Q: 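Below: one structure in structure tokens.
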Protein chains: 2
Amino acid sequence: MGSDTKTALLDLAEYTVRSRGFDGFSYADLANAFGIRKASIHYHFPTKANLSEALIERYQTRFQCRLTDIASANATAGARLRALVALYREALHEGQTVCLCVAFSSSRESLSETVISRLGMFRSMVLQWITAVFELGQTDNTILALHQPKQEAHATLAMLEGAHIAARAEQDITLFDAATFILNARCLVHTSSGHSTL
Amino acid sequence: MGSDTKTALLDLAEYTVRSRGFDGFSYADLANAFGIRKASIHYHFPTKANLSEALIERYQTRFQCRLTDIASANATAGARLRALVALYREALHEGQTVCLCVAFSSSRESLSETVISRLGMFRSMVLQWITAVFELGQTDNTILALHQPKQEAHATLAMLEGAHIAARAEQDITLFDAATFILNARCLVHTSSGHSTL
DNA sequence: GTCTATAGAGAGATAGAC
DNA sequence: GTCTATCTCTCTATAGAC
């Protein structure tokens, strides 16, 4: 292996969990992919629980950075929301992988308490970010037909994760686009005259 | 066992798949629950693939009946959509189980071609039904701010399945209610004067 | 940090008695 | 229709050599 085997293992483990589920991947899968032995992987991650905790921690850190980047790069609520949809679209990998959060939620019974707790923190973080975007939208009028930021945030996160499930079920990214079409259409990228459209 | 062991096995298998995922349950789980041996279950369902096919077939049949019942019992599009949301809410079992369709989608790699095909048929069937409801909504004006029935149907199904994932992740049915609040609010149960509200 | 070797548990599945 | 017994495979995990 190169300089950072641990990172490479995490990368493949994340992809595999997100495409096959937590119960659908094994140390043998990782070992075969890298041409090493299972025992070597146990050196880096003694137990599968350790590995899953490392996965969710890194995922949350990275995702939070992406959200911060989106806010920095996009001034309007409409542009931020569109960028969020694009982020989830990218995370689909053409219908091969769902969000780690979705993958872990589906295997709840096999996870450690630590991971379940982190899962809740991850959702709260994303919900809070989306809520803030909708609140901004009420001010800058770049999201159409917007009245309840908090409820819209819950609905939006559910829709994005559900769109992942739909596209993954049929390995067809156009199903993601179909599910998010109306949300995208509600988003104006630039502020205009400042009056609400509906 | 009573008169119909096979049905009882399907019942428990369905509940277990929906709460633990397809890779998260085994013949041993079923055998222990009924106090019989694994070999006896292989008598009813020779392979796990056979069992999974029986599960999805029965699920589709039953679900389609429920949708037909909803259409019979509710005249307006708004009332039908609210009933659909209630159906999904009930299917959550207080946050313990997701829709079989969601559970299977998360374990795609472990399923037979037959089940994957049935999964697609199931989604198409539900999408078609929801689309028809939205088309009715354009006529009877019982769903607010409605413009594109087909796109709304995709978004709605994604939202319902995503709401299942959210509620399951934290075993908290109020997360389902939060995600579906706005959709419910858009639904009028009775036809009124016939003018669009927005 | 990777290896060989192995333990111990559990998976899906089958043969054949009752 | 259910049983005992068993097969084969895979899983997570550990001990100890290199």
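None of these values were measured; they are calculated from a predicted model.
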Q: Angle between ring planes, A:Y59 versus A:F122, binned at 30° and 60°: parallel, tilted or perpendicular?
A: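 Judged by the thresholds at 30° and 60°, the geometry between A:Y59 and A:F122 is tilted.
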Q: When we call it a touch if two heavy atoms are under 4.0 Å apart, what does A:Y43 touch: a base, just sugar-phosphate, or nothing?
A: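 A:Y43: base contact, heavy atoms under 4.0 Å.
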Q: Indicate yes or no for a side-chain donor-acceptor contact from B:R108 to the backbone of A:R168 under 3.5 Å, with no hydrogens or angles considered.
A: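 It does hold such a pair.
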Q: Using a heavy-atom cut-off of 4.0 Å across all strands, would you classify B:F25 as base, sugar-phosphate, or nothing?
A: sugar-phosphate
Q: Once you round it to whole Å, what is the distance between P of C:dT4 and CZ of A:R37?
A: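 Atom-to-atom, A:R37 to C:dT4, this comes out as 5 Å.
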Q: In whole Å, what is the span from the CZ atom of A:R20 to the C1' atom of D:dC11?
A: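 Rounding to the nearest Å, CZ of A:R20 and C1' of D:dC11 are 15 Å apart.
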Q: How do B:S26 and A:H44 order along DNA chain C: which one's closest nucleotide is nearer the 5' end?
A: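 Final value for this comparison: A:H44.
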Q: Respond yes when some side-chain nitrogen or oxygen of B:S40 is under 4.0 Å from OP1 or OP2 of D:dG1, and no when none is.
A: no
Q: Which of these nucleotides, C:dA5, C:dA13, D:dC3, is closest to any side-chain atom of B:A39?
A: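 Of C:dA5, C:dA13, D:dC3, D:dC3 is nearest to the side chain of B:A39.
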Q: Check every atom of C:dA11, D:dA13, D:dC3 against the side chain of A:H42 and return the nucleotide holding the closest atom.
A: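 The answer is D:dA13.
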Q: Rounded to whole angstrom units, what separation is found between the CD1 atom of A:I41 and the P atom of D:dT14?
A: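 Rounded to the whole Å, the gap is 15 Å.
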Q: Atom CG of A:D29 and atom C1' of D:dT12: how far apart are they, to the nearest Å?
A: 13 Å
Q: Does D:dT14 have OP1 or OP2 under 4.0 Å away from a side-chain N or O of A:T47?
A: no
Q: When you compare the side chain of A:N32 with that of A:K38, does any pair of heavy atoms fall below 4.5 Å?
A: no
Q: Between D:dT8 atom C1' and B:K38 atom NZ, what is the distance in whole Å?
A: 12 Å
Q: Where the side chain of B:K48 is concerned, which of C:dG12, D:dA5, D:dA13 is the nearest nucleotide?
A: C:dG12
Q: For A:L111 and D:dT12, what is the distance between atoms CG and P respectively, to the nearest whole Å?
A: 14 Å
Q: Grab the CZ-P distance between A:F34 and C:dG1 for me, whole Å please.
A: 15 Å
Q: Are A:K6 and A:F45 in a cation-pi setup, meaning NZ or CZ lies under 6.0 angstrom from the ring centre and within 45 degrees of the ring axis?
A: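 Flagged: A:K6 positioned over aromatic ring of A:F45.
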Q: Is NZ or CZ of B:K150 both nearer than 6.0 Å to the six-membered ring centre of A:F181 and within 45° of the ring axis?
A: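 The answer is no; the distance or angle limit is not met.
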Q: Heavy atoms from C-beta onward define the side chain here; which of C:dT4, C:dT2, D:dT2 lies closest to that of A:I36?
A: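 Nearest to the side-chain atoms of A:I36, counting from C-beta on, is C:dT2.
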Q: Could you state the CG-P distance from B:D23 to C:dG10, rounded to the nearest angstrom?
A: 18 Å
